[in-house]
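Data first, discussion second: the structure below is written as structure tokens.
The sequence lines fix the lettering, A, B, ..., with proteins before strands; numbering per chain opens at 1.
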There are 2 protein chains.
Amino acid sequence: MVMRARILVIEDELAISDLICMNLEAAGYESAAFYNGNDAADALERDASYDLALLDVMLPGRDGFSLLPLLRGKKIPVIFLTAKGDVASKVKGLKSGAEDYIVKPFEMLELLVRIEKILERAGKKREECIRIRDVCIYPERRQVTRGGTEVALKPMEFDCLMMFVRYKNIALTREQLLAGLWGVEFDGETRTIDVHVGRIRKKLDFWDVIRTIPRIGYRLEVKEE
Amino acid sequence: MVMRARILVIEDELAISDLICMNLEAAGYESAAFYNGNDAADALERDASYDLALLDVMLPGRDGFSLLPLLRGKKIPVIFLTAKGDVASKVKGLKSGAEDYIVKPFEMLELLVRIEKILERAGKKREECIRIRDVCIYPERRQVTRGGTEVALKPMEFDCLMMFVRYKNIALTREQLLAGLWGVEFDGETRTIDVHVGRIRKKLDFWDVIRTIPRIGYRLEVKEE
DNA sequence: CGCTATTGTTACAAAATGGTTACAGAAACC
DNA sequence: GGTTTCTGTAACCATTTTGTAACAATAGCG
């Protein structure tokens, strides 16, 4: 399993919690949600391997502030989610050692940016990963996940995929791929490329992502740049 | 005439030099080759309007390093071509102000990518898309869009269009087109050209853009700027 | 206006190309 | 040495591409 930053979401409003979790997942994090302070505390006692916690101040059971020392003790940085304009909570939270706070209602993007910044500061920066649709590619680990679960790519398939990533949005000829994957002096069937592309497409559901360029070769199509 | 980036190739091995120049031309650059340091230096004194230089370290006459100050003085970025494992040269080259180096034997594609990157950094990025009316042509993607949506050009149609673009505003005879698209030794009906032109015109609404030159052939009409 | 030379358009069948599967040799791993 | 995994190749088949021919339309020209 690939190492993704794990984020604890402690928030009693289901709608907000779900929204946050969905966005975290989409951004490539792992999320775990708890809806009251007691459950969260219990969970932390069993497993404290979280990289960051999003903590609502107003909670049923133990409130947010009472969870802070526990989290601080486990060295888990905390971002407080405070109701609008609740300056008292804000100040109290920061004094108690929260890393940051964010006022509800907030922009999801802003939350993600703050999370990224804190993880970076904490040296827990997520591995550099290349995302294409629901697929994450981790070059250093030579690992690929799809929808969060690992996909077993064979070495050559991975190399091939990396070459596509390296030259994304460029039409690569079979000869270029052959030269890039085996070296210039290798003379093999260019059709071998097709087989590898077929295997990658199948495993990653990349039928539209790796486009066939007739008579030429293939091109990895990545929208956002 | 189109403003294409001009690249100076200073390399004594004819085979390598030719190969590089061919690929540069194919990629849409203009290339000028010199086979020893003295000639290159003379040429630079006369005309320094190059956008980038590929410089072999080992050269007859003045060697690569001695040319560096001249090139730097003319603000021409340099990519060193070093023999495999010649780490000393590499370090010396980069310290002397070369933008990049590449170790022989190298992948042509990689060289092209590095060139692209440096030109981009120098603000001399060549147009990655050629626009004609509402049509965008992306040569390295082998893709064409019209009004933002992709138009599926068949391989031969794309090649044909690229030939027109390459020689825009120049009347091309059917024989020239035939030779350029299939190779000189191909003997086919010249009328086949007409069919392809017809198909391109239809797909891109290019009835006025690709003008018929009676008894000769066709010409792609583009208003400069 | 006819006539001719030339170009535009369409349809089609041959050829080329790509997706897929199965498999054998190679490599890696006990 | 035996087993498993990896990977390059060949083969098969469906699809796409494309060259050509045939026919329609147009322009040039007296």
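At a threshold of 4.0 angstrom between heavy atoms, the contacts of F186(A) with the nucleic acid are absent. Using a 4.0 Å heavy-atom distance criterion, V197(B) is classed as making no nucleic acid contact. Within the 4.0 angstrom heavy-atom criterion, only backbone atoms of the sugar-phosphate kind lie near T212(B); the bases stay farther away.
Checking dT21(C), dT10(C), dT7(D) against every side-chain atom of K154(A), the shortest atom distance belongs to dT7(D). Residue P155(A) places its side chain closer to dC6(D) than to any other of dA10(D), dC6(D), dG18(C). Checking dT18(D), dG18(C), dT9(D) against every side-chain atom of R215(A), the shortest atom distance belongs to dT18(D). Nearest nucleotide to the V195(B) side chain, out of dG8(D), dT6(C), dT9(C): dT9(C). Proximity note for T192(A) (side chain, C-beta onward) versus dT18(D), dT9(D), dT7(C): the nearest is dT9(D).
Aromatic ring centres of F65(B) and F80(B) lie closer together than 6.0 Å.
The distance from atom CD of E157(A) to atom P of dG8(D) is 10 Å, rounded to the nearest whole Å. In this structure, I193(A) atom CD1 and dT17(C) atom P are separated by 16 Å, rounded to whole Å. The NE2 atom of H196(A) sits 9 Å away from the P atom of dT9(D) (whole-angstrom rounding). When the C1' atom of dT7(C) is taken as reference, atom CD1 of I216(B) falls 14 Å away, rounded to whole Å. Atom CD of E189(B) and atom C1' of dT7(C) are 14 Å apart (whole Å). Atom pair I200(B):CD1 and dT17(D):P shows a separation of 14 Å (rounding to whole Å applied). Rounded to an integer number of Å, the gap from I210(B) CD1 to dG8(C) C1' is 13 Å. The distance from atom CG of D159(B) to atom P of dG19(D) is 11 Å, rounded to the nearest whole Å.
Counting distance only, with no hydrogens placed and no angle test, the side-chain atoms of R191(A) and the base atoms of dG19(C) include a donor-acceptor pair under 3.5 Å. Interface remark: the R199(B) side chain does not form any donor-acceptor pair with the dG8(C) base, using a distance-only criterion of under 3.5 Å.
Dashed line: the shortest gap from a side-chain N or O of K202(A) to OP1 or OP2 of dG19(C) is not under 4.0 Å. At least one side-chain nitrogen or oxygen of W182(A) sits closer than 4.0 Å to the OP1 or OP2 atom of dG8(D). The shortest distance between the side-chain N/O atoms of W207(A) and the OP1/OP2 oxygens of dG18(C) is not below 4.0 Å. Contact annotation: R201(A) side-chain N/O to dG19(C) OP1/OP2 distance is under 4.0 Å. The phosphate of dT17(C) has neither OP1 nor OP2 within less than 4.0 Å of any side-chain N or O from Y218(A).
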Step by step, work out the salt bridge (charged side-chain N to carboxylate O under 4.0 Å, His left out) result for K223(A) and E221(A).
-> CA-CA 6 Å; K223(A) 301 246 169 55; E221(A) 198 144 290; over 6 Å; no
What do the steps show when you test S31(A) against E25(A) for side chain to side chain donor-acceptor pair (under 3.5 Å), and what is the final call?
-> CA-CA 7 Å; S31(A) 68; E25(A) 298 281 349; 3.1 Å; yes
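Taking a 6.0 Å sphere around CG of D187(A), one finds it holds 12 or fewer heavy atoms contributed by other residues, nucleotides or ligands. Other residues, nucleotides and ligands place more than 12 heavy atoms under 6.0 Å from the NZ atom of K74(B).
Cation-pi check for R201(A) over F206(A) is not met; the charged atom does not lie both under 6.0 angstrom from the ring centroid and within 45 degrees of its normal.
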